[in-house]
Structure formats: C-alpha cells, structure tokens
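In what follows, chains are A, B, ... by sequence order, proteins preceding strands, each numbered from 1.
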Protein chains: 2
Amino acid sequence: MHEPLTVGAAAAQSGWSARMLRYLEEAGLVLPRRTPAGYRLYGLAELNRLRTVRDLRRRFGVELTELAFARRLWRERDLREAVDAWLAAADDATSWVEWEQRKHERLLAA
Amino acid sequence: MHEPLTVGAAAAQSGWSARMLRYLEEAGLVLPRRTPAGYRLYGLAELNRLRTVRDLRRRFGVELTELAFARRLWRERDLREAVDAWLAAADDATSWVEWEQRKHERLLAA
DNA sequence: AGAACCTTATCACGTTCGTGTGAAGGTCAA
DNA sequence: TTGACCTTCACACGAACGTGATAAGGTTCT
C-alpha cells in the first residue's frame, strides 16, 4: 500500500518537479534512499518532509538556503553558540521597532 | 574616549566599507543610532556586532541573509516551531552520513 | 525489443545577494 | 566659505539561487 515512490511519482504526489526533488537532495533538505540501481525512493517520511518544506516556503517565505542554514545551526554546536551570542547582543528592542517601521514604509513605497 | 564613530571612521576601524555598513543596516543586522541631522553613529555595541558578523562569515562562511534568517528564527515563534518540527523529522542520522560523504567527494572533484 | 521510466551532466535564464562607484545634495568645523 | 565629511539614490556587475529543458545513457516491465 505505502510502497516507496520513485522520483516522478513523488513529484506528482508532492507538487514539486522531479528536477526540484533532485535539487532538494543536493541541497541536503530531503534525502531519499536509493535502489541498488541508483533510483531515488521516497517513503512517507520523505513525502512528509517535502510537504513541510513546501509549507515553510508558502507560509513564511523561507528560502531553501535558509532552511539549509537552520539545519547547520541544528547540527554544529559552535556555530549555534556563536550565532546565539550575536543575537543576544544585537537584539536591543529599542532601536529595533523604529527600524522595522522604516522597513515597512520602504515596502509600501514599491 | 569612546565617542560614537561616524560611518567612515567605523568603517576604517571595523574593516568593512562604509557602503557595507549602510547595507548591513538595511539588512537589519547592525543598526546604528542617528544624530539629529541623520548621521549614523556607531558606539561600542555596534562596533562589536560588526566584528561578530565579520567573524561569523570568516569562520563559518555564514551569509548575511542567513544571519537575518537566524534573527527571524529568534523573533518569530511560530516560524521557529515549524522549522524545529521539520528538523526533528528530517534528521535521521543514517542516510545523512553517506550524503555528507558524497558532498565531500563532489567538492573534491572541483 | 521497445516503451517508459530512471540516472548524471550541462546550458540557459531570471532573480537576489554582496559590493563598488558615482551623482546630487546636506552638515560641520576651520 | 570652502573642504571633508555625511546623506539617499541609482547603475553596474559577478556570483549564487531556483528552476526548466535537453542530451546521453542505464533499468525495468511487458
């Protein structure tokens, strides 16, 4: 019933193109298993991740590189610590609000 | 002694160009205060952030957009939760190692 | 064997990022 | 007032991203 899908079927079922499934693999975002002959196999887990990535882009406008970076943050402790330190220092809420407001105005002017 | 620096001085002292200091502000990464006439003022905090961003790029190859995304992750809870959910599901250490290895080989072939 | 898949690799193309350069004009100190 | 700063704005340009198309060849099913 839930046989793993080959790339074309997974594409049709997920809304991505086959090309993009390969690209997503190269970017490290969704890693299918392989058949002995090298065919990509997408199981339920992978199909789910495909859907999640799609949602993250649609709902939050997240770029693929940014997701890859989130994965790096998750896996590389010293990187995460360095970024955290920067964030803690950089986030003074005072100047921030005005800046956000100016950004908004810039967007409206387009 | 520690007077806030104007953009050119801050540039000279931090290793960035004045252009990039303005770009970093627009990207929301380092937000200087302003003099009544509109001049940017970089105090110790800002100079520190400039150094930190520089280090993050040098040591980890972090892109500016990625840092901006880290800031988003920090500030938007629902985004952070969605990404976390995806990471938890996506990170099966088994297929990962082989993939990392292939990536390495790809880089060596260049 | 042939059709319909799959593989990797390449070219192409529009968009964004990161950065420099320059124009047109405001600010400030000697 | 003049020179050296600063401001915003815009043009340019290489590199990378995201995506499609296409070629040359392997696999699988009937």
Side-chain angles (χ1 to χ4, degrees), chain A residues 3-42 46 50 53-54 56-58 60-72 98-99 102-103 105-110, chain B residues 3-42 46 50 53-54 56-58 60-72 98-99 102-103 105-110:
Chain A
E3 293 300 307
L5 300 182
T6 188
V7 74
Q13 202 262 352
S14 66
W16 295 93
S17 67
R19 171 66 163 92
M20 281 311 291
L21 260 49
R22 303 196 185 95
Y23 184 73
L24 288 173
E25 182 184 15
E26 185 183 337
L29 298 182
V30 179
L31 308 174
R33 301 213 173 57
R34 297 296 191 116
T35 190
Y39 283 26
R40 290 172 180 80
L41 289 181
Y42 293 83
E46 287 78 17
L50 288 174
V53 173
R54 183 159 219 63
L56 280 169
R57 293 185 98 193
R58 234 185 66 264
F60 299 101
V62 172
E63 301 295 329
L64 300 183
T65 40
E66 295 173 335
L67 271 187
F69 180 66
R71 197 201 48 204
R72 275 192 76 189
E98 313 145 24
W99 178 82
R102 277 198 298 273
K103 183 177 86 176
E105 291 161 14
R106 276 200 306 276
L107 291 181
L108 289 185
Chain B
E3 293 300 305
L5 299 183
T6 189
V7 74
Q13 202 262 353
S14 66
W16 296 91
S17 67
R19 172 65 163 96
M20 283 309 293
L21 260 49
R22 301 194 185 97
Y23 184 74
L24 288 174
E25 182 184 16
E26 185 183 337
L29 298 182
V30 179
L31 309 174
R33 301 214 172 58
R34 298 296 191 113
T35 190
Y39 282 28
R40 291 172 179 80
L41 288 182
Y42 294 84
E46 288 76 18
L50 288 174
V53 173
R54 181 159 218 65
L56 281 169
R57 294 186 96 191
R58 231 184 68 263
F60 299 100
V62 173
E63 302 294 328
L64 300 182
T65 41
E66 296 174 334
L67 270 187
F69 180 66
R71 198 199 48 204
R72 273 192 78 189
E98 313 145 23
W99 177 80
R102 278 199 299 273
K103 182 176 89 177
E105 291 160 13
R106 278 201 307 275
L107 290 181
L108 288 185

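- Atom pair A:Glu3:CD and D:dT28:C1' shows a separation of 15 Å (rounding to whole Å applied).
- Of the two residues contacting DNA chain D, namely A:Tyr23 and B:Arg22, the nearest-nucleotide position lying further toward the 5' end is that of B:Arg22.
- Here the P atom of nucleotide D:dG20 and the CG atom of A:Leu24 are 11 Å apart, to the nearest Å.
- Heavy atoms only, all atoms of each residue included: A:Ala11 and A:Leu21 are closest at N-CD2, 3.7 Å.
- The phosphate of D:dC6 (OP1 or OP2) has no side-chain N or O of B:Arg40 nearer than 4.0 angstrom.
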| note | In B/S/- notation (B base, S sugar-phosphate only, - none; protein heavy atoms under 4.0 Å), nucleotides 24-30 of chain C written 5' to 3' is --BBS--
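- For the pair B:Arg54 CZ and C:dG18 C1', the computed distance is 13 Å after rounding to whole Å.
- Atom CG of residue B:Leu31 and atom CZ of residue A:Arg102 lie 8.0 Å apart, to the nearest 0.5 angstrom.
- Counting to the nearest Å, the P atom of D:dA16 and the CD atom of B:Glu63 are 9 Å from each other.
- Between the C1' atom of D:dA10 and the CD atom of B:Glu26 lies a distance of 12 Å, rounded to the nearest Å.
- Taking atom CD of residue B:Glu66 and atom C1' of nucleotide D:dC17, one finds them 12 Å apart after rounding to whole Å.
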| field | From CA spacing to verdict: side chain to side chain contact (heavy atoms under 4.5 Å, CB included), A:Leu56, A:Glu66 | value | CA-CA 11 Å; A:Leu56 280 169; A:Glu66 295 173 335; over 6 Å; no
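- Between C:dT19 and B:Arg57, a contact under 4.0 Å exists linking OP1 or OP2 to a side-chain N or O.
- Whole-Å rounding puts the B:Leu21 CG to C:dG18 P distance at 15 Å.
- The minimum heavy-atom distance linking A:Met20 with A:Leu64 is given by the pair CE-CD1, 4.0 Å.
- Rounded to whole Å, the distance from CZ on B:Arg58 to P on C:dG18 is 18 Å.
- Side-chain N/O atoms of A:Arg102 include none lying less than 4.0 angstrom from OP1 or OP2 on D:dT8.
- Annotation for A:Trp99 and B:Gly28: closest pair CZ2-CA, 3.2 Å, computed over non-hydrogen atoms.
- Along DNA chain C, the nucleotide nearest to B:Arg19 and the one nearest to A:Glu25 differ in position, and the one closer to the 5' end is contacted by A:Glu25.
- The pair A:Arg33-A:Glu46 meets the salt-bridge criterion, with a side-chain N (NZ, NE, NH1 or NH2) lying under 4.0 Å from an Asp/Glu carboxylate O.
- With sequence neighbours excluded, the residues that form a salt bridge (charged side-chain N to carboxylate O under 4.0 Å, His left out) with B:Arg34 are B:Glu25.
- Atoms CG and CH2, from B:Leu24 and B:Trp16 in turn, are 5.0 Å apart once rounded to the nearest 0.5 Å.
- The shortest non-hydrogen separation linking B:Val7 to B:Arg22 is CG1-NH2, 3.8 Å.
- Here the closest heavy-atom approach between residue B:Leu41 and residue B:Pro4 is recorded as CB-CB, 4.0 Å.
- Between A:Thr65 and D:dA16 there is no side-chain N or O to OP1 or OP2 distance below 4.0 Å.
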| field | Nucleotide pairing, DNA chain D (Watson-Crick or G-U, distances under 3.5 Å), in dot-bracket with [ ] and | | value | ||||||||||||||||||||||||||||||
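- Nearest to the side-chain atoms of A:Val7 among the listed nucleotides D:dC6, C:dC6, D:dC11 stands C:dC6.
- Place B:Thr6 and A:Met20 on DNA chain D by their nearest nucleotides, and B:Thr6 ends up nearer the 5' end.
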